[in-house]
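Note that ligands are numbered from 1 as they come in the structure, with each ligand's atoms numbered from 1 the same way.
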Amino acid sequence: MRIESVQINQLEILSEKKQHLAHLMIPIDDDHPLISFRFTPDENGAGIIKTHIEIGGWSKELHDEISVRYQGPALQPFRKYRISINTELSSGESVYAEAFFFTGRKDTPWKGEWISDRSYSFRRPQSPAPMSFRKIFCLRGDTEESILYITALGIMNIRLDGEEISDDFFAPGFTDYRRFLQYSAYRLGALKKGKHELLVTVAGGWALGRTTHIANTDKSISGLAGKRQALLGELRLRYPDKEEVLGTDESFEVTETGPLQKADFYDGEVYDARVSWSRWRPALRENLKIHPEIRAAEGVPVLAQEELHAVPVGERPGGIKIYDFGQNFSGIVKICVHGERGQKIVIRHGEALKKDGSLYTENLRSAEQRIVYICRGEKTETYMPRFTCMGFRYIEVSGIEEEKICITAYAVYSGLAEKGSFVCSDERINRLQRNILWSGRSNFVDIPTDCPQRDERQGWTGDIAVFANTALFLFDMKRFLKKWLRDLKYEQSVSGAVPFVVPERPGVTPKITTSCWGDSCILVPYALYREYGDKEILEEMYPVMTKYLAAVQRYSALSCLRWHSPYIFAFPFQFGDWCAPEGGVRDWLSKGPWIGTAYYYQSCRIMSSIAAVTGRTEDAKKYRKLSEKIASAYCRVFTDGSGNLKDPFQAGYVLPLYFGMVRGKEARKMADNLAELIRVNGGHLSTGFTATPYLLFALSDNGHEKEAFQLLMKDTAPSWLYQVRKGATTTWEQWDVIQENGEIKEASMNHYAYGAVGDFLYRRVGGIEPLVPGYRYFRVRPVPGGGLRSAAVRHVCIYGIIDVRWRICSGQFELTLQVPYGTEAEIVLPDGSCEKVSYGIHHRICCYPTDGAEDVRCDQPESKTGKDGR
Ligand code: BGC
């Protein structure tokens, strides 16, 4: 038995190697941080008697738990604390682990002040020019340790004596700046006596840079959080005999004249390597127009992760070269060039190539996604942008010969640990799984976004509402989503509406009570609860959820006029069957009342469970009753009462089936109707964002397994494998972005909503389903189908690894299951046999008659967790 993982506030701290970060620290400002740990199973079968945990003199004995809130005396700021975990085993032995964490500033007043270049202003809606701050300081002796605590209005990059200090990208991250601004901490180590130079460049980033979400218009806005960039920081120097603090003040200098001339998320960077920083002038104290609370970073740092290599794939007139990275992703290029002084290299980024081989950029809308680098004229010059991120697979390079440039790229996204994988005997499904993974990676850049390429990249709430289950299977999302939910909580309107995007872009994105997007305030915390079994997030979000549902209830009451029922959620606005393959925006929106009402039901049903698990019995009853009324209103208003929709469409059946609004005969009829709609549609789905995640469940859980697998395996549009057949390496916003004839539809090629089918792969094909939140008790009931001969699915839950592998061989179904320590599982085999097992590895076999087709080869795929490259 070993203690394999120790986390503080959901960040791994046991193995230093996991944080291959040279300088970045993750300080804790929380008074009661959460400590979680995990064991590897014991080969000799020894169990745990108790665990003793100790932090700075405070200790606690735990019996069954694997996480605990620190409840000891107030933690002191700027301190290193040790966590010791000692576990007594039934074998008489004990295991021990220790890990360390650092506290942050806590409530210590800043010694530094906000500073800026008060003479600087910029033209809206453009992004501001990068602003650099410099401090040359002299140390009177060697320091033992030096830590920089720093934040900015904008996004920053830090250098000390020319060396890069920021291991992370885009600090201080994306939050609702009006209320909450994060600070970062960087360890600079022992500094030598003498002169040093601190250089901090701040670009507009999310706070001030150009932003838009208004489809098909060039309408942008910038300067949302202030007039110009500003910096606040302090360098804490620890000498052997005392501590000194060097804060940002008017002794810092500032300039906008430097090599980095332009930096913008959408548009890219312009870097003139011939220019050196000049025109330094004293920085002045700045009064911000916002007054956020400043706390230690609560999210997951954005890092440069997978390295990708480019292959030249074509040449265009004028010496323009096209390169392919083989994978669509969010990231940046790194170039190494040998150019003449003044030689201008331009790199444009795009997700696809047109039929004639040129770079396709129409779906970027107004985002330029362009890097301009002007050479200094040295033998080798290396450049990698730090203030932008692109969504791309291809680049177009002009201004330099192929042999004089070397290009690599890095995927840039939040450093989320990957903890789920799925492989099966069908390579096309495996590609789909990798596409889902890459769309997840690409859209988790500090917040959950819609897309990484065009001029949006916003925290669209509906997208994560439908993708949350899949995301939580694949990544360790707790810390990341909790930070985002805190903003959602801040931004809920007094009337209960949740903004369409979080963090809200004031004045740009509306705050209207709407289904699915608004239901994110219930669906996302509930998905977190299911994954981690932690009720705290439910408690924290409870007032938000009830307020949102009260708003929905008020709006639904208006439906009496149109629908003669107060339970139809139609007004004031619904996205409806968003992005459904048939029709356009109007048609999607027109399905609002069906989609809205079904989601209203689902949220009330979930609220009833949330109320029950948080001890609110009356509320539990209230929401259950309300949900029943909504379900019967749906059936009364929209169906003939026997499971037939008056205006039939697929999503109109999918949602009531999956959400459990109908039962028995009525459910069977609805499922048959759904299957029939698919059949008459040539075996094709016709659902959009809000129903697609549940489509295959609705079929397979209601007697139409065969049809569910037919849809999964379909490779003509609209379908998942159509995208795969068309060469997709991420999941698309619309089913057929690349059309059968090769034409490209103006839509994103990196949206994760349709990737929510991952949930079906893991929970049905793989069969892993938590029966108790947190997987302390789970079911493994694989559903084979679609000609799959084998599958392997793995998930690292809070207790450890769940690993399921099955194969069909010689008329038999063979299953191997690994159950983590501290959990129990119920195995259900395809022949219906059922049994309960506890931790360890289990092999089971049952008869599985096939027509021979599934039985050609008896292979067993490898399952793996972690970075899999492409
Ligand atoms: C975004 C979506 C979003 C939708 C809602 C789009 O432009 O990219 O993913 O949910 O708008 O209207």
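Sorted by first and then second residue, the salt bridge (Lys or Arg N to Asp or Glu O under 4.0 Å) pairs with a member in residues 513-530 read R530-E769; sequence neighbours excluded.
The contact set between ligand 1 and F689, taken as ligand atoms under 4.0 Å from a residue heavy atom, comprises 9 (O). Residue W578 approaches ligand 1 through these ligand atoms, each under 4.0 Å from one of its heavy atoms: 4 (C), 5 (C), 11 (O), 12 (O). Contact atoms of ligand 1 toward R454: 1 (C), 6 (C), 7 (O), 8 (O) (distance under 4.0 Å to a heavy atom of the residue). Of all the atoms in ligand 1, the ones that sit under 4.0 Å from a non-hydrogen atom of H751 are 1 (C), 2 (C), 8 (O), 9 (O). Atoms of ligand 1 found under 4.0 Å from any heavy atom of D463 (numbered from 1 in listed order, with element): 2 (C), 3 (C), 9 (O), 10 (O).
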Q.
Walk me through whether F444 and F480 qualify under ring pair (Phe, Tyr, Trp, His ring centres under 6.0 Å).
A. CA-CA 9 Å; F444 294 143; F480 180 91; 5.3 Å; yes
Q | Step-by-step side-chain hydrogen bond (donor to acceptor under 3.5 Å, both in side chains) determination, N328 to T729 | A | CA-CA 6 Å; N328 199 22; T729 57; 5.2 Å; no
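Remark: T546 pairs with Y542, M607, Y623 by the side-chain contact (heavy atoms from CB on, under 4.5 Å) rule, at least two apart or across chains.
Environment of CZ in R763: crowded, with over 12 heavy atoms of neighbouring residues, nucleotides or ligands closer than 6.0 Å.
Considering backbone and side-chain N/O atoms, R365 never comes within less than 3.5 Å of an N/O atom of ligand 1.
Side-chain contact check for E351 and N363: at least one donor-acceptor pair (N or O, by modelled atom type) lies under 3.5 Å.
At a heavy-atom cutoff of 4.0 Å, ligand 1 is contacted by no atom of F500, backbone or side chain.
Relative to the six-membered ring of Y266, R457 misses at least one condition, a distance below 6.0 Å or an angle of at most 45° to the axis.
Residue D450 holds the heavy atom nearest to atom 1 (C) of ligand 1 of all those in D450, V466, T449.
Residue contacts with ligand 1: E733 is included, with a non-hydrogen atom under 4.0 Å away.
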